[in-house]
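Counting begins at 1 with the first residue of the sequence. This one's a predicted model, so the numbers in the text were calculated from it and none came from an experiment.
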Amino acid sequence: MNENRSTPRLDVIGLVTSDMAASLAFYRLLGLDVPPGAESAPHVEVTLPGGVRVLWDTEEVVRSFDPGRTRPAGGGDRVALAFRCADPDEVDTVYEALTAAGHRGHLKPWNAVWGQRYAVVLDPDGAAVSLYADGTGDA
């Protein structure tokens with residue numbers, strides 16, 4: 001790479017949603033500081049402590065500049081989001097809070113062979129969101 005050019009840095013994680021209010025409620029439960037009243041906006045931004053931004057756009061907003069866009073068909077995630085929990089017990093607690101709030105659990109918390117407590121919940125648009133903590137909680 002040319003010494004005079006800067007290296008691109010990750011600045012934004014963009015999410016396209018079919019239901020802004022449901023998506024924002026889900027990510028608020030995971031601790032993102034979404035501004036009050038944002039549910040009715042077609043575009044929402046939140047800056048994380050490290051400076052990376054999370055953006056939500058409605059499907060309609062995306063179709064306004066990409067008219068041929070359709071929802072991805074089939075399965076599989078195109079972007080993976082993972083939230084680090086403080087400890088293995090918090091993985092269980094957060095998973096239970098999200099599923100109790102009506103969100104679909106995909107993989108219940110388990111002690112993964114790679115040494116983490118791990119779980120997966122689906123956001124309102126069906127994207128898999130991982131919850132994890134180092135250590136399995138086994139003594």
Side-chain angles (χ1 to χ4, degrees):
M1 182 172 250
N2 183 328
E3 290 179 29
N4 294 328
R5 291 177 39 189
S6 64
T7 302
R9 66 179 177 84
L10 178 63
D11 180 56
V12 170
I13 299 167
L15 302 171
V16 179
T17 182
S18 60
D19 185 336
M20 185 66 81
S23 188
L24 296 180
F26 177 86
Y27 287 99
R28 278 184 179 119
L29 289 171
L30 285 166
L32 276 81
D33 189 18
V34 178
E39 296 76 12
S40 60
H43 173 84
V44 178
E45 295 188 19
V46 170
T47 302
L48 302 177
V52 172
R53 294 174 297 146
V54 178
L55 312 181
W56 290 264
D57 286 297
T58 62
E59 291 177 338
E60 293 77 18
V61 165
V62 174
R63 279 194 293 274
S64 75
F65 61 82
D66 184 3
R69 185 201 185 269
T70 58
R71 261 189 218 173
D77 295 325
R78 306 224 175 200
V79 174
L81 298 177
F83 285 75
R84 178 186 292 270
C85 296
D87 56 50
D89 289 338
E90 188 179 23
V91 171
D92 295 35
T93 301
V94 172
Y95 179 90
E96 291 303 322
L98 289 169
T99 56
H103 301 290
R104 292 176 290 157
H106 180 65
L107 297 172
K108 291 182 179 181
W110 83 96
N111 295 334
V113 297
W114 55 85
Q116 293 177 325
R117 184 73 172 161
Y118 215 91
V120 179
V121 178
L122 301 180
D123 81 359
D125 292 291
V129 176
S130 297
L131 309 170
Y132 73 96
D134 294 329
T136 60
D138 294 337

Discussion item. If you apply the rule side chain to side chain contact (heavy atoms under 4.5 Å, CB included), what do you find for Arg84 with Asp134, and how did you get there?
Written reply: CA-CA 8 Å; Arg84 178 186 292 270; Asp134 294 329; 2.7 Å; yes
Discussion item. Applying side chain to side chain contact (heavy atoms under 4.5 Å, CB included) to Tyr132 and Val120, what does each step give before you reach the verdict?
Written reply: CA-CA 9 Å; Tyr132 73 96; Val120 179; over 6 Å; no
Worksheet, complete the sentence: d(Ser23 OG, Leu15 CG) to nearest 0.5 Å is 6.0 Å
Fill in: Step-by-step side chain to side chain contact (heavy atoms under 4.5 Å, CB included) determination, Leu24 to Val44
CA-CA 9 Å; Leu24 296 180; Val44 178; 4.1 Å; yes
Discussion item. Do Tyr27 and Val61 land in one hydrophobic cluster if side-chain heavy atoms of ILVMFWY residues count as linked below 4.5 Å?
Written reply: no
Worksheet entry | Test item: Val94 and Phe83 side chains (from C-beta on) under 4.5 Å apart, heavy atoms | no
Discussion item. Could you check whether Trp56 and Thr17, counting side-chain N and O atoms only, form a donor-acceptor pair closer than 3.5 Å?
Written reply: no
Item to complete: State whether the side chain of Asp123 and the backbone N or O of Asp125 hold a donor-acceptor pair below 3.5 Å, judged by distance alone.
Response: yes
Practice prompt. Assess whether side chain to side chain contact (heavy atoms under 4.5 Å, CB included) is satisfied between Val52 and Val12, documenting all intermediate values.
Written response: CA-CA 6 Å; Val52 172; Val12 170; over 6 Å; no
Discussion item. I'd like to check the ring-ring contact (aromatic ring centres under 6.0 Å, His included) partners of Tyr118; sequence neighbours left out, ordered by chain and number.
Written reply: Trp110, Trp114
Worksheet entry | Exercise: identify the closest heavy-atom pair between Cys85 and Ala133 | O-CB, 3.7 Å
Practice prompt. May I ask whether Phe26 and Val16 are part of the same hydrophobic cluster, defined by side-chain heavy atoms of I, L, V, M, F, W, Y residues being less than 4.5 angstrom apart, directly or through others?
Written response: no
Fill in: Of Asp87, Asp92, Asp89, the residue whose pairing with Arg117 passes side-chain hydrogen bond (donor to acceptor under 3.5 Å, both in side chains)
Asp92
Worksheet item: If you round to the nearest 0.5 Å, how far is CD1 of Ile13 from CZ of Arg53?
Response: 11.0 Å
Discussion item. Please determine whether residues Met20 and Val46 belong to a single hydrophobic cluster, defined as Ile, Leu, Val, Met, Phe, Trp and Tyr linked transitively by side-chain heavy-atom distances below 4.5 Å.
Written reply: yes
Fill in: Test item: Gln116 side-chain N/O and Ala112 main-chain N/O as donor-acceptor pair under 3.5 Å
no
Practice prompt. Give a yes or no on whether Leu131 and Leu107 share a hydrophobic cluster (residues Ile, Leu, Val, Met, Phe, Trp, Tyr; joining criterion: side-chain heavy atoms under 4.5 Å apart).
Written response: no
Worksheet item: Do you know which two heavy atoms are closest between Pro124 and Ala22, and how far apart they sit?
Response: CG-O, 3.2 Å
Response to the item:
Separation between CD (Glu45) and CG (Leu55), nearest 0.5 Å, reads 4.5 Å
Return a table of donor-acceptor pairs under 3.5 angstrom between the side chains of residues 29-42 and protein atoms on other chains or two or more places apart.
from, atom 1, to, atom 2, distance (Å)
Glu39, OE1, Gly37, N, 3.3
Glu39, OE2, Arg28, NH1, 2.4
Glu39, OE2, Arg28, NH2, 2.9

Scan the side chains in residues 96-103 for donor-acceptor partners under 3.5 Å anywhere in the protein, sequence neighbours excluded, and list what turns up.
from, atom 1, to, atom 2, distance (Å)
Thr99, OG1, Tyr95, O, 3.0
Thr99, OG1, Glu96, O, 3.3

